[in-house]
Protein chains: 2
Amino acid sequence: MITLTERQSLILKAIVRDYTEGGNPVGSKSLVEELPMKVSSATIRNEMARLEDLGLIVKTHLSSGRIPSIKGYRYYVDHILTPEKVDNRDLKVIQHSLGGEFHKIDEIVAQSADILSQLTSYTTFTLRPELKDSRLSGFRLVPLGNHQVMAILVTNNGDVENQTFTIPNDLSGDELEPVVRFIDDQLIGLPLQDVLAKLQQEIPLKLSHYLQDPDGFLDIFGSVLSKAASERFYVGGKLNLFNYTSLQDPKEMRSLYSLLDQTDNLANVIGSPGQHIQVRIGNEITNDLLKDYSLITATYDVDQHGQGIIALLGPTAMPYSRMIGLMGAFQRELARKLLDYYRYFDE
Amino acid sequence: MITLTERQSLILKAIVRDYTEGGNPVGSKSLVEELPMKVSSATIRNEMARLEDLGLIVKTHLSSGRIPSIKGYRYYVDHILTPEKVDNRDLKVIQHSLGGEFHKIDEIVAQSADILSQLTSYTTFTLRPELKDSRLSGFRLVPLGNHQVMAILVTNNGDVENQTFTIPNDLSGDELEPVVRFIDDQLIGLPLQDVLAKLQQEIPLKLSHYLQDPDGFLDIFGSVLSKAASERFYVGGKLNLFNYTSLQDPKEMRSLYSLLDQTDNLANVIGSPGQHIQVRIGNEITNDLLKDYSLITATYDVDQHGQGIIALLGPTAMPYSRMIGLMGAFQRELARKLLDYYRYFDE
DNA sequence: TTTAGCACTTAACTTAATGGAGTGCTAACA
DNA sequence: TGTTAGCACTCCATTAAGTTAAGTGCTAAA
């Protein structure tokens, strides 16, 4: 367990700030002017040597200034930093852009990713509140003619999922009705997870009373259901990658970029953060492609509607205190907006 | 009007080929070995000087080898090149990947963009056949409970478009039925364009017999309708940009990339190509961001179902003959597949 | 018309020189 | 014991100079 003196702490803080703002290694002389106490550059050099021994700062070459190491950022984030109060203008932007009327949760969540990336110039990820508590509240089969049927699934949270299928023989609404009614009787009100489970056990058997070939129908129902139960990260500010990356090689650039495109893979990268705002720096991120970046993740709580996730990817040299402040604001504002949205369907 | 001698033509052809394959300016000595006739490098130098006078090739500096100019590529494409027969393996790939079963036209069109970009390592754009001949074949309003209604629109080509709306007061199916029936009577069978037109004229008046407040309903219907009538390019191989661009500056990279993201803007860039395969090179493309690239565009015909567009963006130094061959193959295969698809709904 | 020969140009690479920023260490000082 | 001034040292970045290889245009002869 590392403990720093007051002065060492101030020096580390100043190094992190300078490097984050200017992007250049920080030397002892420039620190003399910035530190609140009156000490010579030699003294600072001595302290810096100690910070280096502790592994908190490193040199880029033998006689260069210092930059924070991963460990240094870590210490800074854990013990020195205080979250910055969100700028009033930023807060206005957030509230205004979430203030409009939305027809889908996904729109709200996607919009959040966009705003956050706009405010930070980094790349952001958002995940809607978990669906595990969602319940099936309605199922429809709408014959469209021409061998097509649309299956629609509604949850108690107002989520609507639909898919169109091509079927060998046209069906009339009358033929479909008993099946839909059966589904309604048996499954409405159950959590989606349970519906998925039942779908593999008792339902096929019972359904065979109503339909000669229940398999086709079950495929359809299952397909919409799993689409509704799937969880997808929204990515905002993908293009911002160009701002903060130091990569030159187009090949690496490409593979990084395509990582951001594989939204189904992002869950592995981001994981499930705890209650508080979590910062992972450099190689603390499990994915090798991101070992030179930092990832800030946080959950947000929407009462009994479960938790969602917001995340922020940027350079290791990012203004952590401002970013953490912003994440906090988003936690609150997004939760509030969604609570508002859900209330509409709870009535 | 430029006319080249047989020998000049062969030299230009060789320069284009060499530069396209190797990426380096081509000198007179290396051409000696490649040309089918027996001439010295000095002779080739003389010919090259003439080609340069004509503006077909240029030097990168006073004593460098030559590279084709825009005008040179133009001449090559117009007078020298012969489309390459499509590799059998490539044809298999195309046919196989379009061979599967699709539930939506958009899936086929998007898939085509992906395959073509995969085969070429460039970026591709595809547009589905024009909708102008599509006719409205069905309209549904499905109440979902919780203040939500889904509007579904079906065309005679099997296109399905849907959108969910939040409405102030819940409506039952019974209330909606006369409205839907009215729409069916008045509008089914008409081309979408005509439907759009009528929607702004006679319909609102007549509809007021059935509904107290037709405006809300018309908004809904109009919204789905315009969604169905909107034409969107699919973009394939966006990431391939990293392969063929020579840009270093992340800022330019970014603006180029975001051009590809604005799918609604692409129509301006791509235009409406004529019957044949059209090649635009460098500054022949109207968009300034693309002045260092080449764009190959072509239409494909699906009989009475209208025309679609495929396009290919790559470096000016691209193997035109192979690319034009591939575009030809796609014209045929995509048209065939779509004809097949439509036939299903024509029955 | 073609060709050999040659002087000339340029990019790309290597090497050397210089200045500046920063460090660690030593010795003196409070 | 902690702090400071001074100094030798290191490394990067930039500039300058030199070298090589590829390629050209031009001239004069075949």
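Only heavy atoms go into these numbers, but all of them, side chains included; no hydrogens, no water, no symmetry mates. Letters go in sequence order (proteins before strands), and every chain restarts at 1.
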Between [X] ([atom1]) and [N] ([atom2]), how many Å, whole number?
X     : N      : atom1 : atom2 : value
A/E6  : D/dG2  : CD    : C1'   : 18 Å
B/N24 : D/dA21 : CG    : C1'   : 13 Å
B/Y19 : D/dA22 : OH    : C1'   : 16 Å
B/E33 : D/dA22 : CD    : P     : 12 Å
B/I57 : D/dG23 : CD1   : C1'   : 13 Å
A/M37 : D/dT4  : CE    : P     : 10 Å
B/I15 : D/dG23 : CD1   : P     : 12 Å

Review point. Within less than 4.0 Å of OP1 or OP2 of C/dT2, is there a side-chain N or O belonging to B/S40?
Key: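 Looking at the OP1 and OP2 atoms of C/dT2, neither is under 4.0 Å from any side-chain N or O of B/S40.
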Check your understanding: Between B/F125 and B/F233, how do the two ring planes meet: parallel, tilted or perpendicular, split at 30° and 60°?
Key ->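 Judged by the thresholds at 30° and 60°, the geometry between B/F125 and B/F233 is perpendicular.
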Check your understanding: Could you write nucleotides 7-25 of chain C as a row of B, S and -, 5' to 3', where a protein heavy atom under 4.0 Å of any base atom gives B, of only sugar-phosphate atoms gives S, and otherwise -?
Key -> --BBS---------BBBB-
Exercise for review: Decide, yes or no, whether a salt bridge links B/R322 with B/D87 under the criterion of side-chain N to carboxylate O below 4.0 Å.
Suggested key: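 Salt bridge between B/R322 and B/D87, a charged N being under 4.0 Å from a carboxylate O: no.
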Check your understanding: Is it true that a side-chain atom of B/S97 and a backbone atom of B/V93 form a donor plus acceptor pair closer than 3.5 Å?
Key ->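 Yes, because the side chain of B/S97 sits within donor-acceptor range (under 3.5 Å) of the backbone of B/V93.
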**Study point:** Under 3.5 Å: donor-acceptor pair, side chain of A/D90, backbone of A/L326
**Key:**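 The answer is no, because no donor-acceptor pair under 3.5 Å joins these two groups.
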Exercise for review: Kindly write out the residues that satisfy salt bridge (Lys or Arg N to Asp or Glu O under 4.0 Å) with A/K13, not counting sequence neighbours, or none if the list is empty.
Suggested key: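 Applying salt bridge (Lys or Arg N to Asp or Glu O under 4.0 Å) to A/K13 gives none.
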**Study point:** Close aromatic pair by centroid cut-off 6.0 Å: A/Y122 and A/Y293
**Key:**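 Centroid distance A/Y122-A/Y293: not below 6.0 Å, so no.
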